Amino acid sequence: MVMADGSFRVEVEHDHLRKLANASPVQAVCELVWNSLDADATRVDVDVDHGELGMLSVSVRDNGHGFTHEEAKALFGKVGGSWKRHGAKSKRKSRVLHGKEGKGRLKALALGRVADWVVRYRDEAGNLMGFKMTLVKDALVDVEISAPEPAEPVLGTGVEVTISELEKQFKSLETERAVPDLSSVFAIYLKNYRDAEIFFDGERLDPEANIASSETISLDPIVADGGTHPVVLEVIQWNSAPERSIFLCGKDGFPFARIAPKFHTTGYVFSAYLKSGYVDRLQERGAIDLAEMDAAMADAVDQASEAIQAHFKQASAAEARSEIERWKEERSYPYEAEPTTKVETAERQVFDILALTVNKHLSDFSQQSAKGRTFQMRMLRQAIERGPDELQTILTQVLDLPPRTMNEFAKLLEEADLANVISASKMVADRLSFLSGIEQLLYDPETRGLLKERSQLHRMIAEGNTWIFGEEFGLTVDDKGLTEVLRKHRSMIGDETVIDAPVKRIDGSVGVVDLMLSRSVPRNRPEEREHLVVELKRPSVVIGPKELTQVESYAFAIANDERFRDLDTRWVFWAVSNDIDEHARRRARQEGSPPGRVFKDGPIEIWVKAWSEVLSDAKGRMRFVQDKLKSNVDDDTALNYLKKTYAKYLEGIADDVALEAASENVDAEEASEA
């Protein structure tokens, strides 16, 4: 209804208009830009006016054909009466129209209290005419409009909308955020219509320059409304963008609605355009804002979500493989051979997860020299092999990862079964290598005569490798009092015997000295003590009756020393050499006694063995543990944390079906959290 004072009343309830005037700042700007593009504008400028106190106004200006004074009532006087509803193409350039309901102009008031339109158009005689309109949020049903009058010819046709008395300071309309966001909305349009340009605060939107990759995916058609509607999904990955979005587009690819994804694509920002004629139908009947409640549309969105996730899993896998290959080429990757066991494979996967995540979060990791990266890679590998505690220290104190990333790794390490298996496997592998080295030194013709190496071997055993005599001796500590007692009675076995001290370099004219190792073994109660005393006889000595008697008398003297006589103490003595005679062998194989033990009386035990037996027993224990570790890695329970973490941090790199399933579970969990 046109009023006499140069205004007219909108034929709709005020409450309904208020609902239509709600929108996000970017959405409100987009609606005004779409109006400009639908009016065949070749240039649209969005400008934010700033004052000393911040944003003052937002304006959208175009060079389109505008609209006549008579059309103003049709455009503003009745919601739903837009001229666009009756045609699929723009008036002059035959562009596909975006708006068809006449509601978009009201979104301007989502930004501020007052919206002013300055309109220039050509009348039927070709004269350039202009008029002004004002819409105030407090009185949405009343639209003020001036009479048309001739306009300056130099200005040309077009519309400028200025929104003032802004609701607040909109961070989303700051240039660094608004430009990539608007680019994602208008990407398809600007790609299809090269004669159109959009500027934000003087910066031209150039979506193609911000595109990292693009892929088109065909989805199952939508069967609804008595017809079959093809569906195509275009996924664009951006170099930078403020948020991820799924746009519901008509068949020509222009977005009518925007949906926030309910899943994560770590490290990727994207816009996905679901294109279908069914979306056009929803738009035409005014149901596009409720698209997610439409069963057919909801199914299509779900299928699109799955396709997007699969796309970025493949992209992540390709990037990961490329990065790892680059590390291998520059020789910074700390593994040379391919894994041969399940444990090694699991360890390699854990390393890849951590290394790639560190590479993602620490910019200087990829920018530093290959030498520096090699050092950090080796440090990370050693931390994995040594166990979760060492790894946590490296990640927090050395690599200094961001808090959010550390929280993610803290969850990874909560279920550390596999990490412990890896560290245990490394220990077993090192021990087996140690045993092989001893065996070569003692029995290989090329090395058995190298006395220096053999003396070093003795010290190697003293330096934390007493496990070679049994796992019960693997946890031992030095005891100065015990060492002094051993030295006190050293004369019983020979003053030349070295007790718990480095073996000095010797020349070929002197035989290898005997070596006495002394350790205290932890017991259940503090007052209990157990002492391990190992005498490594020189390789030329064959242990026989004389040596056994010597060891026994020595053991008795030690056990009865005044320092230990009245204590709750258990004594274990070992005598080890390259060979033992038949007498000693019989003593070491008594019925009812374990192999190797030649004497037991109360708290005193004396054992004698050849190196071949010691090495064989130790290898047997290590291989048993190794088999058990492999069994644990084969167990789904032990690998459960790796599957979940691997799928989350390094989606798609493995071809394992179980990993794919685990990835789906993780995505489902994250979606529910979102």
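In this text, all values refer to a predicted model and were calculated from it rather than measured experimentally.
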Return yes if some donor-acceptor pair links the side-chain N/O of [X] with the main-chain N/O of [Y] below 3.5 Å, else return no.
| X | Y | result |
| --- | --- | --- |
| E167 | A110 | no |
| D38 | L97 | no |
| S94 | K89 | no |
| D45 | D62 | no |
| Q314 | H311 | no |
| S245 | F247 | no |
| S322 | A318 | no |
| D280 | K251 | yes |

Quiz item: Could you walk me through whether K275 and E234 pass the salt bridge (Lys or Arg N to Asp or Glu O under 4.0 Å) check?
Solution: CA-CA 8 Å; K275 310 173 189 177; E234 185 170 353; 2.6 Å; yes
Would you name the heavy atoms of [X] and [Y] that are closest together and state the gap between them?
| X | Y | answer |
| --- | --- | --- |
| P230 | S276 | O-OG, 3.1 Å |
| I288 | Q283 | CG2-OE1, 3.1 Å |
| V279 | C249 | CB-O, 3.1 Å |
| A307 | L233 | CB-CD2, 4.0 Å |

Quiz prompt | E319: partners by side chain to side chain donor-acceptor pair (under 3.5 Å), with sequence neighbours left out | solution =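 Here the qualifying residues are Y268.
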Under 4.0 Å between a side-chain nitrogen and a carboxylate oxygen: does that hold for [X] and [Y]?
| X | Y | answer |
| --- | --- | --- |
| R258 | D181 | yes |
| E306 | K262 | no |
| R177 | E174 | no |
| R285 | D225 | yes |

Practice problem: Not counting sequence neighbours, list each pair that qualifies as a salt bridge (Lys or Arg N to Asp or Glu O under 4.0 Å) and has a residue in residues 117-129. | Solution: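 Residue pairs with at least one partner in residues 117-129: there are none.
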Quiz prompt | Partner residues of A300 under the side chain to side chain contact (heavy atoms under 4.5 Å, CB included) criterion, sequence neighbours left out | solution =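 Residues passing side chain to side chain contact (heavy atoms under 4.5 Å, CB included) with A300: I222, L274, M297.
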Practice problem: For P25, check side chain to side chain contact (heavy atoms under 4.5 Å, CB included) against everything at least two apart and list the hits. | Solution: L111, F170, S172, L173
How long is the straight-line distance from [atom2] of [Y] back to [atom1] of [X], given to the nearest 0.5 Å?
| X | Y | atom1 | atom2 | result |
| --- | --- | --- | --- | --- |
| R61 | R43 | CZ | CZ | 7.5 Å |
| D49 | L56 | CG | CG | 5.0 Å |
| L109 | L135 | CG | CG | 4.5 Å |
| I188 | N192 | CD1 | CG | 7.0 Å |

Please tell me whether [X] and [Y] have a donor and an acceptor in their side chains that are separated by less than 3.5 angstrom.
| X | Y | result |
| --- | --- | --- |
| D116 | T134 | yes |
| W238 | S271 | yes |
| T42 | N63 | yes |

Self-check item: Steps toward salt bridge (Lys or Arg N to Asp or Glu O under 4.0 Å) verdict (R281, E284)
Solution: CA-CA 5 Å; R281 293 200 175 192; E284 288 172 359; over 6 Å; no
Practice problem: Could you walk me through whether V232 and T216 pass side-chain contact (heavy atoms from CB on, under 4.5 Å), step by step? | Solution: CA-CA 7 Å; V232 173; T216 301; 3.3 Å; yes
Practice problem: Could you tell me how the ring of F312 sits relative to the ring of F270: parallel (under 30°), tilted (30 to 60°) or perpendicular (over 60°)? | Solution: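 Taking F270 first and then F312, their aromatic rings sit tilted (interplane angle of 30° to 60°).
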Quiz prompt | Geometric class of the F254/W34 ring pair [parallel <30°, tilted 30-60°, perpendicular >60°] | solution = tilted
Let me have the donor-acceptor pairs involving side chains of residues 151-166, under 3.5 Å, with sequence neighbours excluded, atom names and distances please.
| unit_1 | atom_1 | unit_2 | atom_2 | d |
| --- | --- | --- | --- | --- |
| T157 | OG1 | G64 | O | 2.7 |
| E165 | OE1 | R113 | NH1 | 3.1 |
| E165 | OE2 | R113 | NH1 | 3.4 |

Practice problem: Could you please spell out the steps behind the ring-ring contact (aromatic ring centres under 6.0 Å, His included) verdict for F131 and W117? | Solution: CA-CA 8 Å; F131 62 92; W117 276 261; over 10 Å; no
Quiz item: With sequence neighbours left out, what residues match D195 under salt bridge (charged side-chain N to carboxylate O under 4.0 Å, His left out)?
Solution: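 D195 satisfies salt bridge (charged side-chain N to carboxylate O under 4.0 Å, His left out) with K93, R95 only.
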